[in-house]
Amino acid sequence: MRRTLSPTGWLAISAAILCGVLAFVDYVIPNPQIDAVGVILLDGVAILAAFALLLGVLNILAAHARRVLSGDHGRGLSFLLIVSLCLTLALGVLWPSSQGTKWIFNHIYFPLQSTMAALLAFFIVNAATRIFRLRNVEALLLLVTSLFLLLAQLPFSSGISPYLPLIRDWVMTIPVTAAMRGMILGIALGIISTSLRILLAVDRPYLGE
Amino acid sequence: MIVCPVCNHRNRADAQSCASCGAPLTGFVYRACPSCGALNGAEQVFCHRCLTELTPIEELAEEAQVQAEAPVSEEGREAVFEAECAALAGEPADVSEPSAREEPTRAGEGALIEVAPELDTAAQGLEGAPSGDEERESQPAEVAPPEADVSEQTEDPTVASEWEAAEALEPETGEARGAQVGAESEAPQAGAGEAQDRRGEEIEPAAPEGLGEAAAPEAPEPEQPQAPQMPGGIEVEPPPDEAPEELTDQDALWLMPQEQRMPDVLAPLAEIEDAIPVETVVALPHRARPTLPMGPSDADRHDAELYQDIAGAPASLSSQGPIQPRWPAAQAGRVQKRRLGSEVARTLLWLGVLLSGLAPIVTGNLTARWVQPREAITLASDAVAAISAEDTVLISFDYSPAYAGELDPLALAVLRQLADRSVPMVALSTQPSGIGSAERAFEALARQMPEYAYGYDYAILGFLPGQEVGLRLLKVSFGDAFSTDHVLGQRLGELPVTQNLTTLEDIDHIILLAEDGAVARRWIEQVQPGSGIDLHAFVSSRIEPLLQPYHQSGQIKTLVGAANGSAEYEIASGAAPNALRWTDGAALFFVLWVIVAIATNVVYMSRGEPGARE
């Protein structure tokens, strides 16, 4: 049972419904006045999104600073995180496109991200040793399908067989498209349902409900 | 069998009066189970120990009535009773040869009589149990009157009358009383006497489990049977000269008359209201003994070993090392050997992945000659090639460095293709790390084409926050989304390439370089509808299937998957080979997958692991 709403709650619900309806109308009806109101709303949301990002950064700083000050396990890594965050933030704010910022991105951030992504190849192969065990018919189907599609996806598959690219295109065009269409329709219906619930104040995430 | 509430003698189920003391058996308190001999309350339908169904009281009454009316011979009744006793003792009833039966010890009968004066004490203390064969036989040995003739003792329906006569005599001692009764019973009928002997012995089954020493069946007090008391933890001191056998609490409860049970049972709890009667709890049937669980199956052992391997694998950041599992000595060697083999296989596997990635350095593009662009790739290349120098292209670098290895070659090929025709390009990103990818790509382009200048031919607008909202704002008010560029910090109107950009409609083509399907869908849903702008998607192969419906519906004009389409696009567009140099690595990786699939199943089948037979 929901609790009785306070005047502040009613105000929040009214504002949410009004803004949602305005944004929807702005999307559907091309009208200069409505577009102007829509731009105001969008500007406000963009500013809020930027501040939300800043809030996230401050939260991370606070959490790791608390760990450093309390002397918990991993405080060394937390201190390193705080130092790197503050340094990068200062460079990005004070000197946005400076060489220092580029150096950090090209020599620290880019290699680390690439390395983490490359590790996936090892884990996937390790997982394949367990997945490819022919315990039942489904495992056999999985093995055959995966190997065949891997072969078809190779850039030089046409050199192996001229039919491989054709089969690959057919698979992408017919079965995969059909499956993805169903999934996208389901996602869209879910988005519509969720949006209606918020517009009609059935769900009130802004009130914590 | 009905247990006499007065003397605890066990009588036939159809008896109306006690064969030992003659007391009426109507309203009896408890009866013995014909299967296991356990004492159950009169109202119980099932034995509380073995769950045997007990004859309802009404049927007993009816049977008694029928037998009372029917002219049943004494022998017949005796035979029925003997059969009942035999079943209770677990012995085949020998009804045909009554003479061959064993003669019970007269002491048993004597004990019934001799301890009659002790009935008060025993009834009060209720410390004895309905005796079994052993207890009843041992008890009579202590109190048997020497002058009693055991072999000739009888027990027939006339015993009740004998007891009545005995009650009127008022014997001085128990022995005299026993002798008196014994003397009065010395004229038995032949068959009945022997049957009585047999019956006397078989009346006393084995003591029920859990009972303590059974007390000797005691003769009732002729004048006033004492109201028994519920032990309930309260110990009653036995008489000084002859302590009665102790009864367990459970049996003591059954010894109590029903009408007296409740008040005495609750005597210690007299002050407590609504106390639950003990008989309700005691009368509950016992649960069936649970079956022993079966041992683990082969599949269970396999799963346990697998879990042990996973749990015992060393953590990458752990300073304590791997957790060593504890295995039985017999299995320790086999497990250790298997784990060593798994470690070696895993190491070889990872070396194979590493070699497949490094092999293109030494193989020299052996498989590049076999790369032929597909029709879809050729069409995509032609669509990009159709963009003229008068068109302005908006490029969105929405991928992180994690996918730079896959998308950088394709992005560079597209940029080169556009730069060759001096197409003005404006770049942005809806991902914070995408701007860095954009800068890297344009720096690589600038090294290849130094004449392609920033601010004149291309510009980087920067990061567009807000996801859907940012894209919506980009479409509605381009100038509000970006006021300055990312590299120089100048207003868009001051840069030649962006001075004419006021709204999104000033853009002619949008090229999307994305790793995430959600990002691509945002562009499709927020920007493309109603704008009439051609959207070209060069995406990671991971999300290429997700965008196929949009491509087939015309919302995306061009769709290329980077993993397998980069090399083909470079050939189709004539761009410098970047992805083409790594096709050997893709080939070796595929070969590695085939080896893994074969080796895994060879080892799996050879071990005969559980699940292989599923």
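All heavy atoms count here, side chains included; hydrogens, waters and symmetry mates do not. Protein chains get the first letters and strands the later ones, always in sequence-line order, with residue 1 at the start of each.
Note that CD1 of I29(A) is 8.5 Å distant from CZ of F24(A), once rounded to the nearest 0.5 Å. Atom CD1 of residue I104(A) and atom OG of residue S84(A) lie 9.0 Å apart, to the nearest 0.5 angstrom.
Looking only at distances, a side-chain donor or acceptor of E406(B) sits under 3.5 Å from a matching main-chain atom of S541(B). At distances below 3.5 Å, at least one donor-acceptor pair connects side-chain atoms of T129(A) with backbone N or O atoms of N126(A). Although no hydrogens or angles enter the test, the distance criterion places a donor-acceptor pair under 3.5 Å between the side chain of S157(A) and the main chain of L154(A). Within the 3.5 Å criterion, the main-chain N or O of F132(A) finds a donor-acceptor partner in the side chain of N601(B).
Taking P465(B), G466(B), G436(B) one by one and counting their heavy-atom pairs under 4.5 Å with chain A, the maximum is reached by G436(B). Of all the listed residues (V125(A), N106(A), V39(A)), the one sharing the greatest number of non-hydrogen pairs under 4.5 Å with chain B is V125(A). Interface remark: of the candidates I377(B), L354(B), L547(B), T367(B), T367(B) forms the most heavy-atom pairs closer than 4.5 Å to chain A. For the set I460(B), L464(B), T583(B), the entry with the most heavy-atom pairs within less than 4.5 Å of chain A is T583(B). Of the listed residues (P165(A), P155(A), G159(A), A49(A)), the greatest number of heavy-atom pairs within a distance under 4.5 Å of chain B belongs to P155(A). With chain A as the partner, the residue from A563(B), A404(B), A599(B), A587(B) showing the most heavy-atom pairs under 4.5 Å is A587(B). Between chain A and the residues Q548(B), R440(B), R374(B), the largest count of heavy-atom pairs under 4.5 Å involves R440(B). Of the listed residues L349(B), I435(B), L580(B), the one with more heavy-atom pairs under 4.5 angstrom with chain A than any other is L349(B). Ranking I187(A), I47(A), D35(A), D169(A) against chain B, the residue ahead of the rest is D169(A), based on heavy-atom pairs under 4.5 Å. Chain B forms the most heavy-atom pairs under 4.5 Å with one residue out of M183(A), M180(A), R130(A), K102(A), and that residue is M180(A).
Heavy atoms from other residues, nucleotides or ligands lying under 6.0 Å from CD of Q490(B) number more than 12. Atom OH of Y206(A) sits in a crowded spot, with more than 12 heavy atoms from other residues, nucleotides or ligands closer than 6.0 Å.
Neither the backbone nor the side chain of T101(A) comes within less than 4.5 Å of any heavy atom in chain B. With a threshold of 4.5 angstrom between heavy atoms, Q372(B) approaches chain A through its backbone and through its side chain. Heavy atoms of I184(A) lying under 4.5 Å from chain B belong exclusively to its side chain. Contacts of S566(B) with chain A are absent, with no heavy-atom separation under 4.5 Å from either backbone or side chain. With a threshold of 4.5 angstrom between heavy atoms, A567(B) approaches chain A through side-chain atoms but not through N, CA, C or O. Of the atoms belonging to F122(A), heavy atoms from both backbone and side chain fall under 4.5 Å from chain B. Only the side chain of L306(B) comes within less than 4.5 Å of a heavy atom of chain A; its backbone N, CA, C and O stay farther away. If you measure heavy-atom distances from R521(B) to chain A, the contacts under 4.5 Å come from the side chain alone. No part of I160(A) comes within reach of chain B, as not one of its non-hydrogen atoms sits under 4.5 angstrom from that chain. Residue contact with chain B, scored on non-hydrogen atoms closer than 4.5 Å, involves the side chain of L143(A) exclusively. Residue A345(B): no heavy atom, backbone or side chain, is found under 4.5 Å from chain A. Within the 4.5 angstrom heavy-atom criterion, only side-chain atoms of F589(B), from C-beta onward, approach chain A. For R472(B), the parts lying under 4.5 angstrom from a heavy atom of chain A are both the backbone and the side chain. Heavy atoms closer than 4.5 Å to chain A are found in the side chain of P529(B), but not in its backbone. In this structure, chain B has no heavy atom under 4.5 Å from any part of M116(A). No part of Q467(B) comes within reach of chain A, as not one of its non-hydrogen atoms sits under 4.5 angstrom from that chain. In this structure, no portion of E375(B) lies under 4.5 Å from any heavy atom of chain A.
You'll find the side chain of E505(B) stays beyond 4.5 Å of the side chain of S531(B), heavy atoms only. In this structure, F590(B) and Q153(A) have side chains that are not in contact, with every pair of non-hydrogen atoms separated by 4.5 Å or more. With a 4.5 Å cut-off on side-chain heavy atoms, I124(A) and W593(B) count as touching.
Contact detail for C86(A) and L61(A): the closest heavy-atom pair is SG-CD2, 4.2 Å. In plain terms, the two heavy atoms of V68(A) and S78(A) that are nearest each other are CG2-CB, 3.7 Å. Taking both residues in full, the closest heavy atoms of E570(B) and A579(B) are given as OE2-N, 2.9 Å, listed atom of the first, atom of the second, then distance. Scanning both residues, G434(B) and S429(B), for their nearest heavy atoms gives CA-OG, 3.3 Å.
Between E343(B) and R346(B) there is a salt bridge, since a side-chain N of the basic residue sits under 4.0 Å from a carboxylate O of the acidic one.
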